[in-house]
Amino acid sequence: MQLTSKPLRKLGFLTIGLFDEADPHRGHESTLRIIEMGERLGFDSAWVRHRHLQYGISSPMAVLAAASQRTSRIELGTAVIPVGWENPLRLAEDLATVDILSRGRLNPGVSVGPPNHYDQVKGALYPDTADLEDFGHERVRRLLDFVRGEPVTDFSGVEGFEVFSDRVQPHSPGLGRRMWYGGGSLRSAQWAGEHGMNLLTSSVVKAEESEDFAEIQLSHIQTFRAHHPDGDRARVSQGLVVIPTDTASPAQRAKYEQYALRRMPRTATPQGPARMMFAPDLVGTSEEIVERLASHAAFREVDEVAFALPFTFDHEDYVQILTDIATRLGPALGWQAAP
């Protein structure tokens, strides 16, 4: 079955990295082991979510720095860092450092908007500037400039025994081309394209011109590429929740199906004042998932994916799901595992 104009070129996965408050090491270690396993299975990329003041990964750069020393080939990404929580200059330093440590394997994904529950957290996060902070695209533009090596200061040179640079150090020359924007609206897709970023599309979009998820996502991809210097060659990665059941136990299948069923009502109509649309989780055999993807208008436009792992499953569930994706679903989509 021909799904896209070309076979699936890059296959990745996304994990939230949950942990128990009483034993956070176990959860973080599980995330690192999952990334190591992903490399052994031939995945092209592993992505981590970002969660502040929750029981998930709050410091993705620290986690990916550790992952970079336990892997050698797999690309490491964030989907996504909400830059409203970040100082763009400091974040640029962290990104460049991890990219150097990983030998050019970092794929930072970012998003804009005020921090979640801003009224409750602003006193701790920005005690003196809470009402002055700009949480729009300008914050990402500053980050891009710093990552791409634009001057940060008009001072450089030697002062005593110390040498100073006028741009972020270390500088990683290829990192600027591997910056991703997590967009769910037409405006974000256009902005990402105009600024030469790559586009991360997920299982959540804003219902602007339609109430059909695939149609909305397709319009975002087309808008992004129409405004990107690389046109149709501009990189887009899709991140649907995909749960193959080929080798799952009966208990696992029941759990997966119940998980998807509980989340199904939110996929029927736009949710909340922002009119957010959610894609249904894809649960079934690899053959069944291939058939559903074949009819997905946005999937047919991409040759990269980072399938999202469900939030609350156990480590052994992720092992089964990733193994089925790498050995059954991926090849059925035309993907070839990395050597």
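Start at 1 with the first residue, then count along the sequence.
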**Asked** Counting only N and O atoms by type, is there a donor-acceptor contact under 3.5 Å from the side chain of Ser188 to the main-chain atoms of Gly184?
**Response** no
**Request:** Determine, step by step, whether Ser237 and Asn198 satisfy the side chain to side chain contact (heavy atoms under 4.5 Å, CB included) criterion, reporting the C-alpha distance in whole Å, the side-chain angles of both residues, the deciding distance to 0.1 Å, and the verdict.
**Result:** CA-CA 8 Å; Ser237 181; Asn198 308 305; over 6 Å; no
**Item:** Expected output: side-chain Thr245 to main-chain Ala248 donor-acceptor under 3.5 Å
**Value:** no
**Message:** I'd like to know if the side chain of Thr71 pairs up with that of Arg105 as donor and acceptor (distance under 3.5 Å, no hydrogens or angles considered).
**Reply:** yes
**Request:** Indicate yes or no for a side-chain donor-acceptor contact from Thr223 to the backbone of His220 under 3.5 Å, with no hydrogens or angles considered.
**Result:** no
**Prompt:** Is there a side chain to side chain contact (heavy atoms under 4.5 Å, CB included) between Val283 and Tyr259 once you walk through the steps?
**Reply:** CA-CA 10 Å; Val283 181; Tyr259 174 86; over 6 Å; no
**Message:** Can you confirm whether Val302 sits close enough to Gln217 that some side-chain heavy atom of one is under 4.5 Å from a side-chain heavy atom of the other?
**Reply:** no
**Request:** Determine, step by step, whether Glu86 and Asp94 satisfy the side chain to side chain contact (heavy atoms under 4.5 Å, CB included) criterion, reporting the C-alpha distance in whole Å, the side-chain angles of both residues, the deciding distance to 0.1 Å, and the verdict.
**Result:** CA-CA 11 Å; Glu86 306 287 343; Asp94 287 347; 5.9 Å; no
**Item:** Sidechain-backbone polar pair: Ser58 side chain, Gln54 backbone, donor-acceptor under 3.5 Å
**Value:** no
**Flag side-chain contact, heavy atom, 4.5 Å: Val168 against Val147** = no
**Item:** Polar side-chain atom of Arg275 near backbone of Ala207 as donor-acceptor pair, under 3.5 Å
**Value:** yes
**Request:** Compare all side-chain heavy atoms of Gln252 with those of Phe313 and state whether any distance is below 4.5 angstrom.
**Result:** no
**Prompt:** Are any of the side-chain nitrogens in Arg177 or Asp230 under 4.0 Å away from the carboxylate oxygens of its partner?
**Reply:** no
**Message:** Is there a path of hydrophobic side-chain contacts, each under 4.5 Å between heavy atoms of I/L/V/M/F/W/Y residues, joining Val63 to Tyr55?
**Reply:** no
**Asked** When hydrophobic residues are tied together by side-chain contacts of less than 4.5 Å, even through go-betweens, does Ile289 share a cluster with Ile325?
**Response** yes
**Prompt:** Any side-chain donor-acceptor pair under 3.5 Å between Gln320 and Tyr256?
**Reply:** yes
**Item:** Hphob cluster co-occupancy, Phe299 + Val290, side-chain heavy atoms under 4.5 angstrom
**Value:** yes
**Request:** Find out whether Glu304 and Gln238 are in side-chain contact, i.e. whether some heavy atom of one side chain is under 4.5 Å from a heavy atom of the other.
**Result:** no
**CG-CZ distance between Asp99 and Arg178, expressed to the nearest 0.5 angstrom** = 4.0 Å
**Same apolar cluster (I L V M F W Y, side chains within < 4.5 Å links), Leu240/Trp47** = no
**Prompt:** Is the gap between the ring centers of Tyr318 and Phe13 under 6.0 Å?
**Reply:** no
**Message:** Using modelled atom types and a 3.5 Å cut-off, is there a donor and acceptor pairing between side-chain atoms of Asp20 and backbone atoms of Ala22?
**Reply:** yes
**Request:** To the nearest 0.5 Å, tell me how far Ser59 OG sits from His50 NE2.
**Result:** 7.0 Å
**Message:** Could you check whether any side-chain heavy atom of Pro280 comes within less than 4.5 Å of a side-chain heavy atom of Arg292, counting everything from C-beta outward?
**Reply:** yes
**Prompt:** Any ion pair linking Arg167 and Glu150 (charged N to carboxylate O, less than 4.0 Å)?
**Reply:** no
**Complete:** Distance col, row Ile221:CD1 vs Ile216:CD1, nearest 0.5 angstrom, shows 12.0 Å
**Request:** Might you confirm whether atom CD of Glu21 has over 12 heavy atoms from other residues, nucleotides or ligands at distances under 6.0 Å?
**Result:** no
**Item:** Non-hydrogen side-chain atoms of Glu39 and Ser72 separated by less than 4.5 Å
**Value:** yes
**Request:** Please say whether more than 12 non-hydrogen atoms of neighbouring residues, nucleotides or ligands are located less than 6.0 Å from CD in Glu287.
**Result:** no
**Asked** Got a sec: does the CZ of Arg187 have more than 12 other heavy atoms crowding it under 6.0 Å?
**Response** no
**Request:** Report the C-alpha separation of Leu14 and Leu309 in whole Å, then their side-chain angles, then the decisive distance to 0.1 Å, and conclude whether the side chain to side chain contact (heavy atoms under 4.5 Å, CB included) test is met.
**Result:** CA-CA 6 Å; Leu14 168 65; Leu309 295 174; over 6 Å; no
**Fill in**
Minimal heavy-atom distance between Gly136 and Val112, with the atoms involved, is O-CG1, 3.7 Å
**Message:** Between Arg139 and Asp134 (side chain of the first, backbone of the second, donor and acceptor by atom type, cut-off under 3.5 Å), is there such a pair?
**Reply:** yes
**Request:** Using a strict cut-off of less than 4.0 Å between a Lys/Arg side-chain nitrogen and an Asp/Glu carboxylate oxygen, indicate whether Arg26 and Glu29 qualify as a salt bridge.
**Result:** no
**Message:** Quick one: does any side-chain atom of Asp44 pair with a main-chain N or O of Leu11 as donor and acceptor, under 3.5 Å?
**Reply:** yes
**Request:** Would you give the length of the straight line joining atom CD1 of Ile57 to atom OG1 of Thr31, rounded to the nearest 0.5 angstrom?
**Result:** 4.5 Å
**Item:** Shared hydrophobic cluster for Ile243 and Leu41 (ILVMFWY, side-chain gaps under 4.5 Å)
**Value:** yes
**Interatomic distance, Leu18 atom CG to His28 atom NE2 [nearest 0.5 angstrom]** = 10.0 Å
**Prompt:** Closest approach of His52 and Pro82, non-hydrogen atoms and distance?
**Reply:** CD2-CG, 4.4 Å
**Asked** When the ring centroid of Phe224 is compared with that of Tyr181, is the distance short of 6.0 Å?
**Response** no
**Fill in**
Smallest heavy-atom separation, Arg225 atom then Glu301 atom, equals NH1-O, 2.9 Å
**Asked** Between Thr247 and Arg328, is any pair of side-chain heavy atoms under 4.5 Å apart?
**Response** yes
**Request:** Please report the closest heavy-atom contact between Trp335 and Arg9, naming both atoms and the distance.
**Result:** CD1-O, 3.8 Å
**Message:** Between Lys122 and Glu133, does any NZ, NE, NH1 or NH2 come within less than 4.0 Å of an OD or OE carboxylate oxygen?
**Reply:** no
**Prompt:** Is the count of non-hydrogen atoms from other residues, nucleotides or ligands lying under 6.0 Å from Arg233 atom CZ greater than 12?
**Reply:** no
**Message:** Does this structure show an ion pair linking Arg141 with Glu138, if we count only N-O contacts that are shorter than 4.0 Å?
**Reply:** yes
**Message:** Looking at Glu36 and Ala67, would you say the former's side chain and the latter's main chain have a donor-acceptor pair under 3.5 Å?
**Reply:** no
**Request:** Measure across Phe146 and Ala92 and return the closest heavy-atom pair with its distance rounded to 0.1 Å.
**Result:** CB-CB, 3.6 Å
**Message:** Is any side-chain heavy atom of Leu175 closer than 4.5 Å to one of Pro108?
**Reply:** yes
**Prompt:** How long is the span from the OG atom in Ser111 to the NE2 atom in His137, to the nearest 0.5 Å?
**Reply:** 9.5 Å
**Fill in**
Heavy atoms of Leu106 and Leu64 approach each other most closely as CD1-CD1, 3.9 Å
**Message:** Taking Glu159's backbone N and O only, do any of them form a donor-acceptor pair with Glu162's side chain (distance below 3.5 Å, no angle check)?
**Reply:** no
